[in-house]
Amino acid sequence: MSEQVHNRIAMLRAERGVSRRALAEALGVHYQTVGYLERGEYAPSLYLALRIAAFFEVPVEVVFATEPFPLLGSGNAG
């Protein structure tokens, strides 16, 4: 069983025009930590995950999941 944590941090940052450095400063972590998180090389603590979700003002489930997120545009629209 894989214990990888999938996330949408990069997507949320891009959507809102937030740099890795700006997010890191807001969270009180090193900017490289944000990169590690985005690439799935580091799973955040529950505390950090909640702080990231709060920063983006979304539920934690919008940012993190134990299963890969579906690709955007892969739904049966229309």
Checklist entry - Are any non-hydrogen side-chain atoms of Val18 and Phe55 less than 4.5 angstrom apart? => result yes

Checklist entry - In terms of hydrophobic clustering (I, L, V, M, F, W, Y; side-chain heavy atoms under 4.5 Å; direct or indirect links), are Met11 and Tyr31 co-clustered? => result no

Checklist outcome for this item: Heavy-atom closest pair (Ala53 atom, Pro59 atom, distance to 0.1 Å) is CB-C, 4.1 Å

Checklist outcome for this item: Nearest heavy-atom approach of Val60 to Ala49 is CG2-O, 3.9 Å

Checklist entry - Considering all heavy atoms of both residues, which atom of Phe64 and which atom of Phe69 are nearest to each other, and what is their separation? => result C-CZ, 3.8 Å

Next on the checklist: For a 4.5 angstrom cut-off between non-hydrogen side-chain atoms, does Gln32 reach Arg20?
Outcome noted: no

Item to check | Residue pairs fulfilling salt bridge (Lys or Arg N to Asp or Glu O under 4.0 Å) with at least one residue in residues 44-55, sequence neighbours excluded | outcome: none

Checklist entry - Taking side chain as C-beta onward, heavy atoms only, is Arg13 less than 4.5 Å from Leu23? => result yes

Item to check | Connected via hydrophobic side-chain network under 4.5 Å: Val63 and Tyr42 | outcome: yes

Checklist entry - Is Val62 reachable from Tyr47 through a run of I, L, V, M, F, W or Y residues, each pair having side-chain heavy atoms under 4.5 Å apart? => result no

Item to check | Nearest-0.5 Å distance that lies between atom CD in Glu25 and atom NE2 in His30 | outcome: 10.5 Å

Checklist outcome for this item: The reported gap from CD in Gln4 to CD in Glu67 (rounded to nearest 0.5 angstrom) is 10.0 Å

Next on the checklist: Can you confirm whether Leu37 sits close enough to Ile52 that some side-chain heavy atom of one is under 4.5 Å from a side-chain heavy atom of the other?
Outcome noted: yes

Checklist entry - To the nearest 0.5 Å, how far apart are CG in Leu12 and CD in Glu57? => result 11.5 Å

